[in-house]
Amino acid sequence: MQILILQGPNINLLGFKSSKIEEHLTLGKLNKEIRLVSKNHNVDLKFLQTHKSFQAVNFLQRNRRKANGLLFTPSSWARSNYTILETVNLINIKTSVVYFDEPYSFGTTEKESIFRGPNTKSFTGKPISASLKGMEYLLNQ
């Protein structure tokens, strides 16, 4: 089983945001927790964090035949990136879309998001808990 982890614009600044509330949650720590939860499930994880939507589309298209799921943290793409939405719908894989609550939010909530569909489920919360709930959803398919 292969799960794609796609993290959108500015997610690499998670540590910067968390330092403002005197926490030290970095993207590396978040990804480590994602790896730990999938460790006992014989799953291959493939990560990409990017600000460039064409790289995200390439990542999804190139891995569409091997992937069984997508854990997606769209950040600002959730409001208006119809190209990524179209790609997610076309490749038709089970998708967990993750949104962060304040103070970790990158400005887009689930209510404002365009990422909806028959194979898409949303998870909102603190970065680690929301991401792990999304992973559990994908692992239990």
Side-chain angles (χ1 to χ4, degrees), residues 1-41 43-141:
M1 169 184 249
Q2 183 180 72
I3 295 178
L4 305 176
I5 314 295
L6 178 58
Q7 297 157 326
N10 299 317
I11 301 298
N12 60 310
L13 295 176
L14 184 58
F16 178 72
K17 283 189 79 71
S18 73
S19 70
K20 292 182 178 191
I21 57 167
E22 298 186 21
E23 289 189 23
H24 302 286
L25 177 61
T26 64
L27 179 59
K29 289 178 182 176
L30 175 61
N31 288 344
K32 181 179 178 181
E33 293 295 326
I34 293 169
R35 284 185 188 94
L36 284 174
V37 79
S38 63
K39 187 176 180 181
N40 297 326
H41 288 87
V43 63
D44 176 37
L45 300 177
K46 197 162 193 177
F47 289 83
L48 176 67
Q49 187 284 314
T50 185
H51 314 292
K52 300 174 181 174
S53 59
F54 77 90
Q55 287 179 338
V57 169
N58 286 345
F59 176 72
L60 294 169
Q61 288 181 358
R62 287 183 181 148
N63 293 288
R64 73 184 184 276
R65 289 190 179 103
K66 296 176 257 176
N68 305 94
L70 169 64
L71 182 70
F72 182 32
T73 309
S75 62
S76 63
W77 288 338
R79 289 180 191 225
S80 61
N81 200 309
Y82 288 94
T83 303
I84 294 175
L85 173 64
E86 180 178 71
T87 304
V88 168
N89 288 335
L90 282 168
I91 65 174
N92 197 30
I93 61 173
K94 190 171 249 187
T95 302
S96 294
V97 185
V98 177
Y99 305 93
F100 300 156
D101 280 338
E102 290 295 342
Y104 302 98
S105 174
F106 282 86
T108 304
T109 65
E110 180 181 347
K111 281 184 177 180
E112 300 165 312
S113 179
I114 62 171
F115 288 95
R116 292 182 174 76
N119 287 327
T120 302
K121 185 167 181 169
S122 297
F123 300 88
T124 301
K126 290 184 176 181
I128 291 176
S129 63
S131 297
L132 296 185
K133 286 177 186 174
M135 277 299 294
E136 288 171 14
Y137 170 73
L138 297 172
L139 292 171
N140 293 322
Q141 54 179 328

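The first residue of the sequence shown is numbered 1, and numbering continues consecutively from there.
Counting heavy atoms from C-beta on, the side chains of R79 and S113 never come closer than 4.5 Å. For the pair F100 and T73, the minimum side-chain heavy-atom distance is below 4.5 Å. Between N119 and N92, the closest side-chain pair of non-hydrogen atoms falls below 4.5 Å. Residues L4 and F47 form no side-chain contact, since every pair of their non-hydrogen atoms from C-beta on lies 4.5 Å or further apart. K46 places a side-chain heavy atom less than 4.5 Å from the side chain of Q2.
Scanning for salt bridge (charged side-chain N to carboxylate O under 4.0 Å, His left out) contacts around R116 gives an empty result, with sequence neighbours left out. Here F59 pairs with nothing under the ring-ring contact (aromatic ring centres under 6.0 Å, His included) rule; sequence neighbours left out.
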| said: For T83 and S53: C-alpha separation, side-chain torsions, deciding distance, then whether side chain to side chain contact (heavy atoms under 4.5 Å, CB included) applies. | reply: CA-CA 8 Å; T83 303; S53 59; 5.9 Å; no
| task | Kindly determine whether L138 and N68 satisfy side chain to side chain contact (heavy atoms under 4.5 Å, CB included), including the steps that lead there. | result | CA-CA 8 Å; L138 297 172; N68 305 94; over 6 Å; no
| task | I would like to know whether R64 and L90 meet side chain to side chain contact (heavy atoms under 4.5 Å, CB included); could you show each step before the answer? | result | CA-CA 9 Å; R64 73 184 184 276; L90 282 168; over 6 Å; no
| Would Q49 and L27 satisfy side chain to side chain contact (heavy atoms under 4.5 Å, CB included), going step by step from the backbone distance to the final call? | CA-CA 9 Å; Q49 187 284 314; L27 179 59; 3.8 Å; yes
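The distance from the CG atom of L36 to the CG atom of L132 is 9.0 Å, given to the nearest 0.5 Å. Rounded to the nearest 0.5 angstrom, Q55 CD and L60 CG are separated by 12.0 Å. Taken to the nearest 0.5 Å, the CG atom of L45 stands 7.0 Å off from the CZ atom of R35. Remark: S129 OG to K126 NZ distance equals 7.5 Å, nearest 0.5 Å. To the nearest 0.5 Å, the span separating CG on L85 from CZ on F115 amounts to 5.5 Å. Here the NZ atom belonging to K121 is positioned 8.5 Å from the NZ atom belonging to K94, to the nearest 0.5 angstrom.
Q7 and N31 share a donor-acceptor pair across their side chains, judged by distance under 3.5 Å alone. Between T109 and E112, the side chains place a donor N or O and an acceptor N or O closer than 3.5 Å (distance only, hydrogens not considered).
A donor-acceptor pair is defined here as one N or O able to donate and one able to accept, closer than 3.5 Å; no such pair exists between the side chain of T95 and the backbone of T120. Between the side chain of S131 and the main chain of I128, no donor-acceptor pair closer than 3.5 Å is present. Between the side chain of N81 and the backbone N or O of I84, at least one donor-acceptor pair lies under 3.5 Å.
Taking every heavy atom of both residues into account, L30 and L14 meet most closely at CD2-CD2, 4.1 Å. In plain terms, the two heavy atoms of S75 and P9 that are nearest each other are OG-O, 2.7 Å. Looking at every heavy atom in both residues, T108 comes nearest to S76 through OG1-CA, 3.9 Å. Pairing each heavy atom of H51 with each of N10, the nearest pair is ND1-N, 3.3 Å.
In the displayed structure, K133 atom NZ is contacted under 6.0 Å by at most 12 heavy atoms of other residues, nucleotides or ligands.
Remark: aromatic rings of Y99 and F123 are distant, center separation not under 6.0 Å.
Remark: K17 qualifies as a cation-pi partner of F106 under the 6.0 Å distance and 45° angle criteria applied to the six-membered ring.
Between W77 and F72, the angle of the ring planes lies from 30° to 60°, which puts this pair in the tilted group.
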